[in-house]
Amino acid sequence: MIEEQISFADQKRKTVETAEFTADGRYKRKVRSFVLRTGRLSDFQRNMMNEYWPIYGLAHQTEPFDFKKIYGNDKPVILEIGFGMGKSLVEMAEQNPDKNYLGIEVHTPGVGACIAYSVEKKVKNLRVICHDATEILRDCIPDGSLAGLQLFFPDPWHKAKHHKRRIVQPHFVQTVCQKLASPGFIHMATDWENYAEQMLDVLQNNPQLRNTSATKDYIPRPETRPLTKFEQRGHRLGHGVWDLYFIKTE
Ligand SMILES: C[S@@+](CC[C@H](N)C(=O)[O-])C[C@H]1O[C@@H](n2cnc3c(N)ncnc32)[C@H](O)[C@@H]1O
């Protein structure tokens with residue numbers, strides 16, 4: 001049930017100011033996992049977003065979401081961070097009507113494309129958010145509420161001096177664990193070997209997580225994961241793909 005019928009344009013105007021300041025009032029520069037890409041929202045995407053935002057869109061808020069109210073049911077909720085243009089996320093939602101999906105992406109044209117494709121596919125079990133995922137996790141996701149977290153081909157930040165911008169860091173995984181139910185899963189994939197090694201290191205050093213890999217590192221690519229746009233690009237460039245699948249055990 002949707003309480004407030006507002007368009008995406010209205011939501012942007014209402015967006016909570018999340019800038020943070022030091023004790024003496026100076027603006028605190030945050031290390032972000034993304035640079036906002038340029039790329040125009042097409043007229044079609046804008047119209048779809050404004051028309052269907054009340055159905056598919058959720059805004060950042062300062063209290064936890066009520067998933068039962070949002071989806072109108074108790075089905076498990078799977079969160080995907082950085083869904084890009086959203087095609088693979090919509091396909092997953094369409095193939096798994098017994099689950100609810102929540103997608104977060106900061107790239108507005110991607111959110112527009114995802115909503116347009118959801119309308120085309122008549123998908124009912126998906127909601128999207130256009131905001132920094134680390135703030136959504138911190139402010140809006142109730143503890144112990146997620147059945148799973150998907151992170152497919154996150155920005156690799158190739159240069160060593162930029163590795164601190166990678167989203168997969170110990171404190172990020174700790175926050176995800178806090179938001180996962182037990183058992184809940186974390187599924188990551190990347191086409192950048194050095195990032196795969198960092199993911200493995202961070203995940204296996206979290207005491208709440210158990211690696212499902214028979215070889216104690218990566219799993220074979222699951223058939224259930226639809227091919228993503230960045231994965232396709234990686235194939236064209238001759239990159240390998242590493243999938244990691246961990247379970248929260250306690
Ligand atoms: C390399 S792209 C991969 C997109 C898609 N998963 C795929 O495989 O095609 C990474 C995406 O993550 C998004 N992203 C990065 N950091 C984010 C954050 N903190 N919150 C939300 N989205 C983020 C970027 O905008 C970008 O679209």
Side-chain angles (χ1 to χ4, degrees), residues 8 11-12 15-16 18-20 29-41 45 57-61 78-93 101-115 117-118 126-141 146 148-159 162-169 171-176 179 186-196 198-199 202 221-222 224-237 239-244:
F8 179 69
Q11 185 254 302
K12 272 287 163 205
T15 294
V16 182
T18 52
E20 285 172 20
R29 266 183 75 117
K30 284 186 78 171
V31 179
R32 301 260 188 210
S33 61
F34 58 88
V35 174
L36 276 180
R37 281 178 279 156
T38 50
R40 249 183 99 251
L41 193 62
Q45 288 168 347
L58 292 176
H60 174 269
Q61 59 184 45
I78 294 170
L79 174 65
E80 180 163 325
I81 293 178
F83 58 73
M85 301 304 275
K87 186 168 176 287
S88 61
L89 177 59
V90 174
E91 283 167 10
M92 270 198 154
Y101 287 83
L102 179 62
I104 313 179
E105 174 55 62
V106 283
H107 184 54
T108 314
V111 177
C114 185
I115 289 181
Y117 197 45
S118 302
L126 173 63
R127 299 291 181 276
V128 294
I129 306 176
C130 191
H131 198 92
D132 184 342
T134 58
E135 294 180 0
I136 296 295
L137 272 176
R138 183 193 63 196
D139 301 335
C140 313
I141 307 293
L146 298 176
L149 179 278
Q150 301 182 162
L151 184 68
F152 299 147
F153 305 90
D155 295 302
W157 294 104
H158 303 112
K159 292 182 187 161
H162 289 147
H163 285 183
K164 60 178 181 293
R165 299 188 69 149
R166 289 176 171 173
I167 197 165
V168 181
Q169 307 285 347
H171 63 88
F172 168 77
V173 169
Q174 190 45 48
T175 308
V176 171
K179 305 300 172 182
I186 297 182
H187 183 183
M188 296 184 184
T190 180
D191 64 342
W192 195 250
E193 188 168 15
N194 173 269
Y195 201 3
Q198 178 171 332
M199 288 172 173
V202 172
R221 186 191 187 289
T224 48
R225 181 169 67 69
L227 190 69
T228 78
K229 190 174 167 216
F230 270 79
E231 184 174 13
Q232 255 170 323
R233 178 179 162 273
H235 285 325
R236 278 200 307 275
L237 297 172
H239 295 179
V241 172
W242 291 267
D243 276 85
L244 301 96

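Just follow the structure's listing: the first ligand is 1, and inside any ligand the first atom is 1.
- Taking any N or O of Ile81, backbone or side chain, none lies under 3.5 Å from an N or O belonging to ligand 1.
- In this structure, the side chain of Gln198 engages the main chain of Val168 through a donor-acceptor pair within 3.5 Å.
- In terms of polar-atom proximity, Glu231 is not counted as a contact of ligand 1, lacking any N or O under 3.5 Å from an N or O of the ligand.
- Among protein heavy atoms, atom 20 (N) of ligand 1 sits closest to Ala133 N, 2.9 Å.
- Figure legend: Arg127 and Tyr101 shown without cation-pi pairing, the cationic atom not lying both under 6.0 angstrom from the six-membered ring centre and within 45 degrees of its axis.
- Looking from atom 5 (C) of ligand 1 to the surrounding protein, the closest heavy atom is Gly82 O, 3.5 Å.
- Distances between N or O atoms of Thr134 and those of ligand 1 include no value under 3.5 Å.
- Here the two rings, on His187 and Phe152, have centers that are under 6.0 Å apart.
- Ionic pairing of Arg236 and Glu231 is not present here: no N-O contact between side-chain nitrogen and carboxylate oxygen is shorter than 4.0 angstrom.
- The pair Glu135-Arg32 meets the salt-bridge criterion, with a side-chain N (NZ, NE, NH1 or NH2) lying under 4.0 Å from an Asp/Glu carboxylate O.
- Within the listing of ligand 1, atoms 3 (C), 5 (C), 6 (N), 8 (O) sit less than 4.0 angstrom from a heavy atom of Phe152.
- Within the 4.5 Å cutoff, the side chain of Phe172 has heavy atoms near those of the Leu137 side chain.
- When only non-hydrogen protein atoms are considered, atom 26 (C) of ligand 1 lies nearest to Arg37 NH2, 3.4 Å.
- In this structure, Gln169 contributes its side chain and His171 its backbone to no donor-acceptor pair below 3.5 Å.
- Classification of the Trp157-His162 ring pair by plane angle, with boundaries at 30° and 60°, yields perpendicular.
- Nearest-heavy-atom check against atom 13 (C) of ligand 1 across Arg32, Arg166, Glu105, Glu80 picks out Glu105.
- Compare Phe230, Trp192, Phe34 by their heavy atoms: the one nearest to atom 9 (O) of ligand 1 is in Phe230.
- No side-chain heavy atom of Met85 sits under 4.5 Å from any side-chain heavy atom of Thr228.
- When non-hydrogen atoms are compared, ligand 1 lies under 4.0 Å from the backbone of His131 (N, CA, C, O) but not from its side chain.
- Listed by number with element, the atoms of ligand 1 under 4.0 angstrom from any heavy atom of Ser33 are 15 (C), 16 (N), 17 (C), 18 (C), 19 (N).
- The closest protein non-hydrogen atom to atom 1 (C) of ligand 1 is Phe153 O, 3.0 Å.
- For a threshold of 3.5 Å applied to N or O pairs, the pair formed by Asp132 and ligand 1 contains at least one separation below that value.
- Remark: the Arg166 side chain and the His163 side chain contain an N/O donor-acceptor pair separated by less than 3.5 Å.
- Those atoms of ligand 1 with a heavy atom of Lys229 less than 4.0 angstrom away are 9 (O).
- Remark: ligand 1 atoms within the under-4.0 Å shell around heavy atoms of Val106 are 20 (N), 21 (C), 22 (N), 23 (C), 25 (O).
- Note: no N/O pair closer than 3.5 Å links Ile167 and ligand 1 by distance alone.
- For atom 15 (C) of ligand 1, the closest non-hydrogen atom of the protein is Asp155 OD2, 3.2 Å.
- Distances below 4.0 Å separate heavy atoms of Thr228 from the following atoms of ligand 1: 7 (C), 8 (O), 9 (O).
- Val128 is not listed as a side-chain neighbour of Ser118, based on a closest heavy-atom distance of 4.5 Å or more.
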